[in-house]
Amino acid sequence: MSQGCPYCGNELQKHEFFCADCGQDEFICYRAVKDYLRKHPNSNAMQVANATGISVSKILQYIREGSLAVVEQEGRRARQ
Ligand SMILES: [Zn+2]
């Protein structure tokens with residue numbers, strides 16, 4: 001059984017944080033990233049992207065705009 005999108009109730013693909021419709025919405029994307037970082041403060045952009053389904057470039061854009069604090073910045077790789 002798939003669970004619904006937390007924002008609009010649409011059906012989700014597995015591992016999706018929200019549905020494709022809501023993925024078009026800047027505000028919802030931003031909120032999802034911020035939410036994820038609150039729960040997982042040491043995540044890098046790649047981890048956030050994997051968890052939320054939002055593109056890395058969009059997440060890096062939020063970071064560049066200074067609205068998000070992520071440990072690993074653009075151009076750096078997380079250590080294994
Ligand atoms: Zn939705």
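Counting convention: from 1, in listed order, for ligands and their atoms alike.
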Peer 1: How far apart are the closest heavy atoms of C19 and C5, and which atoms are they?
Peer 2: N-SG, 3.6 Å
Peer 1: Can you tell me which residue among V48, T52, I59, N42 is in a side-chain contact (heavy atoms from CB on, under 4.5 Å) with L37?
Peer 2: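 When side-chain contact (heavy atoms from CB on, under 4.5 Å) is applied between L37 and each of V48, T52, I59, N42, only V48 qualifies.
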Peer 1: Taking side chain as C-beta onward, heavy atoms only, is D35 less than 4.5 Å from Y30?
Peer 2: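 Heavy-atom side-chain distance check fails, nothing below 4.5 Å.
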Peer 1: With a cut-off of 2.8 Å, which protein N/O/S atoms are close to the Zn ion (ligand 1), if we only count those under it?
Peer 2: C5 SG, C8 SG, C19 SG, C22 SG
Peer 1: Looking only at atom types and distance, does a side-chain atom of Q24 sit under 3.5 Å from a main-chain N or O of D21, one as donor and one as acceptor?
Peer 2: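 Checked: no pair found.
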Peer 1: Can you name the closest pair of heavy atoms from Y7 and R31 and give their distance?
Peer 2: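 Shortest heavy-atom separation between Y7 and R31 comes out as CE2-NH2, 3.2 Å.
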Peer 1: Taking side chain to side chain contact (heavy atoms under 4.5 Å, CB included) as the definition, give me every residue that meets it alongside E26, ordered by chain and number, with sequence neighbours left out.
Peer 2: K58, Y62
